[in-house]
Amino acid sequence: MNITSKKLLFNIFELLGIILIVFFLFFPIAWIILTAFKSGNDVFSLKVIFTPTIENFKTILGQSYEFGAYYLNSVIVVFFTLIITMPLSLLAAYSLSRFDIIGKNLLLFMILSTQFIPLIINAIPFFTIFKNWGILDTPIALIIVNLGQTIPYAIWLIKEFIDGVPKGIEEAAEMDGASKFGVIWHVIIPIAKPGIITATVFCFVIVWNEFMFALILTNQKAVTLPVALSYFVGENGVIWNEMSAAGLLYAIPTIIFMLIVRKQFVKGMSAGAIK
């Protein structure tokens, strides 16, 4: 077998490998999309061609499930968690990167160590505290516990990008009369933007998919989407068509968010890989 034949054979196997990987990655997603538009009678059939229906979406958005209310709860929790997380994390990351703080290494270790603690350990203390405060089953409770996850993570990630910003640029801006906040706004944020976007994406995913605390700390009023999806599992089994419709709606914000920030996210991931 000559070199040309070997190269052709290699390209064929490479193409087959890519096709198989894409198939295994996207087949479940495609099947969920198809199931979301199937009637109850077609759910357990392997038919790809069927009469589509939107009744599943009407059902889950109706009064029986109140899926719209759960959707709003998730949006509120994610929005306010990110609004609080990103400014605080940016300022903390800048301070840890640029200032000589007593015990800085210990502080960094303590921030990092919070990511190693199993979340279930914090469930009972949070439940007791929030019960005494009277904020159980409210978005405020979920925002507080999510901040405990997102802020340490964002601080570490953003700090790595700020460390890569030359101090000479900041000094030049300060010589031109910029204050510290001016330096952060006009110098640090534009240069470290890919890192900030990357941290925002990961924090969004963490909060949007958070299930355990949402299950323990909510009961009815502040139920979020991950918990609401479990409502489709009943005594008679899983209502696959309605769960698939709910899952499709659940995935839409993540897809839209990633499409908006994809370029900056890729830059941030690439920069992190280079470091």
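Computed from a predicted model, the values in this text were never measured in an experiment.
- Between the CD1 atom of Ile111 and the OG atom of Ser89 there is a distance of 9.5 Å, given to the nearest 0.5 Å.
- A donor-acceptor contact shorter than 3.5 Å is absent between the side chain of Asp42 and the backbone of Lys38.
- At a threshold of 4.0 Å, the pair Glu170-Lys167 does not count as salt-bridged, since none of the basic side-chain nitrogens sits closer than that to a carboxylate oxygen.
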Exercise. Begin with the C-alpha distance, continue with both residues' side-chain angles, and end with the deciding distance and a verdict on side chain to side chain contact (heavy atoms under 4.5 Å, CB included) for Asn241 and Glu55.
Key: CA-CA 10 Å; Asn241 51 330; Glu55 288 301 318; over 6 Å; no

Quiz item: Under the side chain to side chain contact (heavy atoms under 4.5 Å, CB included) criterion, do Met110 and Thr114 qualify, and how do the steps go?
Solution: CA-CA 7 Å; Met110 292 175 63; Thr114 61; over 6 Å; no

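- Taking the ring centroids of Phe37 and Phe50, they lie at or beyond the 6.0 Å cut-off.
- Between Phe67 and Tyr71, the ring planes lie perpendicular to each other; the angle is over 60°, past the 30° to 60° tilted range.
- Within a 6.0 Å radius of CD1 in Ile54, other residues, nucleotides and ligands contribute 12 heavy atoms or fewer.
- No side-chain heavy atom of Ile140 sits less than 4.5 Å from a side-chain heavy atom of Phe130.
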Quiz item: Taking it one step at a time, do Tyr231 and Glu242 satisfy side chain to side chain donor-acceptor pair (under 3.5 Å)?
Solution: CA-CA 10 Å; Tyr231 293 167; Glu242 295 178 1; over 6 Å; no

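- For Met212, the CE atom counts as densely surrounded, since its 6.0 Å shell holds more than 12 non-hydrogen atoms of other residues, nucleotides or ligands.
- The backbone N or O of Phe213 lies less than 3.5 Å from a partner atom in the side chain of Glu210, making a donor-acceptor pair.
- A side-chain donor-acceptor contact under 3.5 Å links Asn73 to the backbone of Val223.
- Atoms CZ and CG, on Phe27 and Leu20 in that order, are 13.5 Å from each other to the nearest 0.5 Å.
- Enclosure of atom CD in Gln220 is not indicated, since only 12 or fewer non-hydrogen atoms of other residues, nucleotides or ligands lie within 6.0 angstrom.
- Ile84 is not listed as a side-chain neighbour of Phe79, based on a closest heavy-atom distance of 4.5 Å or more.
- Using a 4.5 Å cut-off on side-chain heavy atoms (C-beta onward), Leu112 and Pro152 make no contact.
- One hydrophobic cluster, built from ILVMFWY side chains closer than 4.5 Å, holds both Phe24 and Val22.
- Side-chain contact between Ile158 and Met86: present, with at least one pair of heavy atoms (C-beta onward) separated by less than 4.5 Å.
- Following chains of ILVMFWY side-chain contacts shorter than 4.5 Å, one cannot reach Leu157 starting from Phe109, and the two form parts of different hydrophobic clusters.
- Using a 30° and 60° split on the angle between ring planes, Trp208 and Tyr250 fall in the parallel class, below 30°.
- Taking the side chain as every heavy atom from C-beta outward, Leu90 and Ile162 approach each other to under 4.5 Å.
- Under the 4.5 Å side-chain heavy-atom criterion for grouping Ile, Leu, Val, Met, Phe, Trp and Tyr, Ile120 is connected to Val227 within one hydrophobic cluster.
- Asn219 and Asp137 form no side-chain donor-acceptor contact under 3.5 Å, judged by distance and modelled atom types alone.
- Side chain of Trp156 to backbone of Ala93: no donor-acceptor contact under 3.5 angstrom is found.
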Quiz prompt | Thr138/Lys221 under side chain to side chain contact (heavy atoms under 4.5 Å, CB included): CA gap, chis, key distance, verdict | solution = CA-CA 7 Å; Thr138 65; Lys221 297 179 181 179; over 6 Å; no

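- No path of Ile, Leu, Val, Met, Phe, Trp and Tyr side chains, each step under 4.5 Å between heavy atoms, connects Phe57 with Ile255, placing them in separate hydrophobic clusters.
- No more than 12 heavy atoms of other residues, nucleotides or ligands lie within 6.0 Å of CH2 in Trp133, so this atom counts as exposed by the packing criterion.
- Side-chain contact between Phe232 and Trp240 is absent, with no heavy-atom pair separated by less than 4.5 Å.
- By the 4.5 Å heavy-atom criterion applied to side chains, Phe181 and Leu91 are counted as neighbours.
- Distance OH/Tyr70 to CG/Leu249: 14.5 Å, rounded to 0.5 Å.
- Remark: of the listed residues Ile32, Leu25, Ile33, Ile33 is the sole one forming a side-chain contact (heavy atoms from CB on, under 4.5 Å) with Ile29.
- Around CZ of Phe26, the count of heavy atoms belonging to other residues, nucleotides or ligands within 6.0 Å does not exceed 12.
- Contact of the Ile239 side chain with the Val233 side chain is not registered, since no non-hydrogen atoms from C-beta on lie closer than 4.5 Å.
- A donor-acceptor distance shorter than 3.5 angstrom exists from the side chain of Asn56 to the backbone of Ala36, with no hydrogens or angles considered.
- Cation-pi check for Lys193 over Trp185 is not met; the charged atom does not lie both under 6.0 angstrom from the ring centroid and within 45 degrees of its normal.
- With no hydrogens or angles considered, a side-chain donor-acceptor pair links Asp163 and Ser97 at under 3.5 Å.
- Met243 and Ile252 fall within the same hydrophobic cluster, defined by Ile, Leu, Val, Met, Phe, Trp and Tyr side-chain heavy atoms under 4.5 Å apart, directly or through other members.
- Formation of a donor-acceptor pair under 3.5 Å by the Lys104 side chain with backbone atoms of Leu96 is found in this model.
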